[in-house]
**Student:** 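Would you mind keeping the following structure in view while I ask a few things?
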Number of protein chains: 2
Amino acid sequence: MIRISKLTDYATVLLAAMAREPGRRFASAALAQQTQIGAATVSKLLKQLQRAGFVHSTRGLHGGYQLARPAEAISAASILDALEGPVAVTDCSAGQGQCELEPTCHVGRAWQRVNLSIRRSLYEVSLAQLAGLDGGTARLPAMEREIKAGLRARGGATAS
Amino acid sequence: MIRISKLTDYATVLLAAMAREPGRRFASAALAQQTQIGAATVSKLLKQLQRAGFVHSTRGLHGGYQLARPAEAISAASILDALEGPVAVTDCSAGQGQCELEPTCHVGRAWQRVNLSIRRSLYEVSLAQLAGLDGGTARLPAMEREIKAGLRARGGATAS
DNA sequence: ACAATCAGGACTAAAATGGTCCTCGTTAGC
DNA sequence: GCTAACGAGGACCATTTTAGTCCTGATTGT
């Protein structure tokens with residue numbers, strides 16, 4: 001239902017944790033303890049984040065990870081892209097010419113618009129914001145609160 | 001990767017097809033043929049759409065389905081809500097107080113903002129637009145084209 | 001009565017997701 | 001130069017979700 005995976009969610013939690021102490025080098029195990037996410041999972045995620053260039057790793061004794069870029073320079077969109085591939089609401093909204101029904105269905109174009117709009121909101125959120133580092137939580141304008149009221153609560157208590 | 005399910009995609013294709021001939025009553029099989037989606041799947045989807053109130057059904061001989069409301073009055077968001085449950089980027093972005101890490105992680109709040117933003121774009125797209133019925137395809141402004149360029153193509157040719 | 005058509009499920013196959021574990025390479029400290 | 005603490009890279013498995021089929025009824029025009 002238009003959601004990001006738990007793993008990606010965890011990744012943002014990890015990055016956010018690191019963003020709060022920019023200088024520090026974090027061992028995988030330490031981050032696991034700090035975030036309460038399984039150690040093996042944290043390790044796996046950090047490796048991915050390293051390959052994607054979000055964190056810099058140091059091997060060997062006293063090694064660990066640290067943010068490769070300032071938190072302001074990392075957008076939610078880039079994290080999503082790295083961990084889940086590019087945002088694509090439907091299969092054919094990622095590009096055109098991949099749907100043999102395109103001339104008849106017309107639907108693809110509209111989804112592409114939606115897709116871009118989503119992508120834009122993702123670009124506008126930085127890791128610094130995700131980590132709650134800048135300016136504090138802005139009040140939600142009335143319209144947003146109204147939309148929010150339409151949401152039913154969903155089960156499950158997970159990190160994010 | 002922030003995507004809607006194939007079934008939901010199909011559902012929009014079905015609704016869009018019906019929206020193009022508002023008066024007509026469509027038999028499930030006829031829609032299946034028209035859209036090239038499996039008959040059993042179409043039938044299942046229409047039943048869901050009926051329960052959700054998007055279409056009105058007539059039983060018996062020469063029965064079928066027709067749109068219950070004008071296409072302009074059906075938003076993409078409502079379709080998504082009906083078929084996949086409410087949009088929630090992360091588990092705890094659907095509401096608050098469901099994440100025991102919330103005081104420490106701060107991430108939830110930011111996701112909620114993203115979530116609302118996505119939801120808003122979904123509200124702004126009507127079935128009429130999805131069906132390509134109003135005003136033709138608007139030109140994409142420059143910024144959107146630029147963002148789009150950042151998307152890698154993805155495999156798979158499916159209806160949408 | 002009968003054939004077309006929707007209603008409501010049960011069921012299954014396939015794929016994505018979340019998570020663990022093992023082996024190896026690297027490096028600082030002794 | 002050993003050794004212990006660390007990351008790199010996968011293989012692997014369990015569970016859940018998703019997609020799709022099929023069957024058994026209930027309705028209704030002809």
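Throughout, a chain's letter reflects where its sequence line sits, starting with A, and its residues are numbered from 1.
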**Student:** Name the closest nucleotide to the A:Ser5 side chain, picking from D:dC6, C:dT17, D:dT27.
**Tutor:**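 Per side-chain heavy atoms of A:Ser5, the pick is C:dT17.
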
**Student:** Whole angstroms only, please: what is the CD-C1' distance between B:Gln66 and C:dC6?
**Tutor:**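 The distance from CD of B:Gln66 to C1' of C:dC6 comes to 14 Å, rounded to the nearest Å.
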
**Student:** Flag the pair B:Met18 / B:Tyr65 as yes when at least one side-chain heavy-atom distance between them is below 4.5 Å, and no otherwise.
**Tutor:**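 With C-beta onward as the side chain, the pair touches.
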
**Student:** I want to verify a distance call: between C:dT27, C:dC6, D:dG20, whose nearest atom is closest to the B:Ser57 side chain?
**Tutor:**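 The answer is C:dC6, which lies nearest to the side chain.
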
**Student:** Rounded to whole Å, please give me the gap between CD1 in A:Ile37 and C1' in C:dG18.
**Tutor:**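 So the two atoms are 12 Å apart, to the nearest Å.
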
**Student:** With no angle test and no hydrogens, is the base of C:dG8 tied to the side chain of B:Lys47 by a donor-acceptor pair under 3.5 Å?
**Tutor:**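 Pair found.
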
**Student:** DNA chain C: A:Ser43 or A:Leu61, which has the more 5' nearest nucleotide?
**Tutor:**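 Mapping each residue to its closest nucleotide by heavy atoms, the 5'-most match is A:Ser43.
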
**Student:** When the distance from CD1 of B:Ile4 to C1' of D:dT18 is rounded to whole Å, what number comes out?
**Tutor:**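 The distance from CD1 of B:Ile4 to C1' of D:dT18 comes to 14 Å, rounded to the nearest Å.
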
**Student:** Rounded to 10°, tell me the angle between the two end axes of the helix from C:dA1-D:dT30 to C:dC30-D:dG1, each built from five pairs.
**Tutor:**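 Between the first-five-pair axis and the last-five-pair axis there is 10°.
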
**Student:** Looking at every heavy atom in both B:Ser78 and B:Phe54, which two are closest together, and how far apart are they?
**Tutor:**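 Nearest heavy atoms, B:Ser78 then B:Phe54: O-CZ, 3.4 Å.
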
**Student:** Between C:dG29, C:dG19, C:dA7, which nucleotide gets closest to the side-chain atoms of A:Thr41?
**Tutor:**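 Of the candidates, C:dG19 comes closest.
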
**Student:** Look at B:Tyr10 and D:dT18 and indicate whether a side-chain polar atom (N or O) is within less than 4.0 Å of OP1 or OP2.
**Tutor:**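 For D:dT18, neither OP1 nor OP2 has a side-chain N or O of B:Tyr10 closer than 4.0 Å.
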
**Student:** Show the nearest heavy-atom pair for residues B:Val55 and B:Leu46, with the distance to one decimal.
**Tutor:**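 Here B:Val55 and B:Leu46 meet closest at CG2-O, 4.1 Å.
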
**Student:** Let me know the distance between NE2 of B:His56 and P of C:dT5, rounded to the nearest Å.
**Tutor:**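 The answer, rounded to whole Å, is 17 Å.
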
**Student:** Taking it one step at a time, do B:Glu72 and B:Ser126 satisfy side-chain hydrogen bond (donor to acceptor under 3.5 Å, both in side chains)?
**Tutor:** CA-CA 5 Å; B:Glu72 292 75 23; B:Ser126 72; over 6 Å; no

**Student:** Identify which nucleotide among D:dG7, D:dG20, C:dA7 has an atom closest to any side-chain atom of B:Lys6, counting heavy atoms from C-beta outward.
**Tutor:**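 Output: D:dG20.
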
**Student:** What is the distance, rounded to the nearest whole Å, between atom CD of B:Gln50 and atom P of C:dA7?
**Tutor:**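 Between P of C:dA7 and CD of B:Gln50: 5 Å.
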
**Student:** With rounding to the nearest 0.5 Å, note down the distance linking CG in A:Leu83 to OG in A:Ser5.
**Tutor:**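 Rounded to the nearest 0.5 Å, the CG-OG separation comes out at 7.0 Å.
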
**Student:** Look only at the side chain of B:Thr8 and the backbone of B:Ile4, and say whether a donor-acceptor pair between them is shorter than 3.5 Å.
**Tutor:**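 Absent.
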
**Student:** Would you please test B:Gln34 and B:Val13 for side-chain contact (heavy atoms from CB on, under 4.5 Å) and show each step?
**Tutor:** CA-CA 10 Å; B:Gln34 188 174 327; B:Val13 172; over 6 Å; no

**Student:** Would you mind telling me which of D:dA8, D:dG20, C:dT5 lies closest to the side-chain atoms of B:Lys44?
**Tutor:**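 Per side-chain heavy atoms of B:Lys44, the pick is D:dG20.
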
**Student:** Can you tell me how far P of C:dG29 sits from NE2 of A:His62, to the nearest Å?
**Tutor:**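 Checked: the NE2 to P distance equals 6 Å.
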
**Student:** Heavy atoms under 4.0 Å, any strand shown: does A:Gly60 hit a base, just sugar-phosphate, or nothing?
**Tutor:**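 Counting heavy atoms under 4.0 Å across all strands, the contact made by A:Gly60 includes a base.
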
**Student:** Return the value, rounded to whole Å, for the distance between atom CD of B:Gln48 and atom P of D:dT18.
**Tutor:**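 Interatomic distance, CD of B:Gln48 to P of D:dT18: 12 Å.
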
**Student:** Would you mind reading off the distance between B:Gln36 atom CD and D:dA19 atom C1', rounded to a whole angstrom?
**Tutor:**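 My rounded result for the distance is 18 Å.
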
**Student:** State which of D:dA8, D:dT27, D:dT30 makes the closest approach to the side chain of B:Arg59.
**Tutor:**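 Of all the options, the side chain of B:Arg59 is nearest to D:dT27.
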
**Student:** Could you work out which one of C:dC21, C:dG18, D:dT21 sits closest to the side chain of A:Leu7?
**Tutor:**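 Out of C:dC21, C:dG18, D:dT21, the nucleotide with an atom closest to A:Leu7's side chain is C:dG18.
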
**Student:** Find out whether B:Leu67 and B:Leu127 are in side-chain contact, i.e. whether some heavy atom of one side chain is under 4.5 Å from a heavy atom of the other.
**Tutor:**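 The answer is yes; the side chains approach within 4.5 Å.
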
